[in-house]
Amino acid sequence: MMVVAHQKYNYHQFIQRDPAICGGYPVITGTRVPIRTILASLAEGATIEEILADFPTLKADDVRAVIAFAAAAVEEDLPLPDFPTAI
């Protein structure tokens, strides 16, 4: 299996939090589309193209930014599992 190092995607310009918009939940900048809605669609198996059809104000980069945001959140919040040591 080949592992490829990827540069981290800069999602910051695509996602905003504002207490006056959707109760402060993160949304795609310039919209009222919560990122949790996009993540739920992806989890249910929707493709980027299907999400864009459901939310015509979004672009493919918006969806990729949501994926990058989720990846960064997991990286920060989940503890690394202990690996067994050789005896």
Side-chain angles (χ1 to χ4, degrees):
M1 181 172 133
M2 185 167 96
V3 177
V4 179
H6 293 282
Q7 187 176 32
K8 288 193 177 188
Y9 190 85
N10 184 3
Y11 58 84
H12 295 92
Q13 67 184 2
F14 298 95
I15 296 174
Q16 74 179 66
R17 284 184 180 203
D18 182 338
I21 301 172
C22 295
Y25 287 103
V27 298
I28 297 298
T29 301
T31 75
R32 298 181 69 80
V33 179
I35 65 165
R36 65 183 177 185
T37 299
I38 298 170
L39 286 171
S41 294
L42 289 166
E44 291 172 357
T47 65
I48 291 176
E49 292 77 19
E50 290 169 331
I51 293 169
L52 298 179
D54 289 342
F55 300 96
T57 59
L58 300 183
K59 297 181 177 35
D61 280 344
D62 296 323
V63 179
R64 284 190 283 276
V66 169
I67 296 166
F69 178 88
V74 169
E75 202 171 84
E76 293 173 10
D77 290 343
L78 291 180
L80 294 175
D82 290 332
F83 290 100
T85 57
I87 298 178

Would you find a donor on one side and an acceptor on the other, under 3.5 Å apart, between the side chain of D61 and the backbone of V63? no
Please tabulate, one pair per line, all N/O donor-acceptor pairs under 3.5 Å involving side-chain atoms of residues 18-26, not counting sequence neighbours.
unit_1, atom_1, unit_2, atom_2, d
D18, OD1, A20, N, 2.8

dist I15:CD1 -> D62:CG (nearest 0.5 Å) comes out at 8.5 Å
Heavy-atom nearest pair, A65 first then Y11, reads O-CB, 3.4 Å
Sequence neighbours excluded, the answer for ring pair (Phe, Tyr, Trp, His ring centres under 6.0 Å) partners of F55 is none
Just distance, no hydrogens or angles: give the donor-acceptor pairs under 3.5 Å from side chains in residues 31-38, sequence neighbours left out.
unit_1, atom_1, unit_2, atom_2, d
T31, OG1, I28, O, 2.7
T31, OG1, V33, N, 3.0

Between E50 (side chain) and T47 (backbone), is there a donor-acceptor pair under 3.5 Å? yes
Here the gap from R17 atom CZ to T29 atom OG1, rounded to the nearest 0.5 Å, amounts to 12.0 Å
>> Do L42 and F14 land in one hydrophobic cluster if side-chain heavy atoms of ILVMFWY residues count as linked below 4.5 Å?
In response: yes
Between K59 and L52 the two heavy atoms that sit nearest each other are C-CD2, 3.5 Å
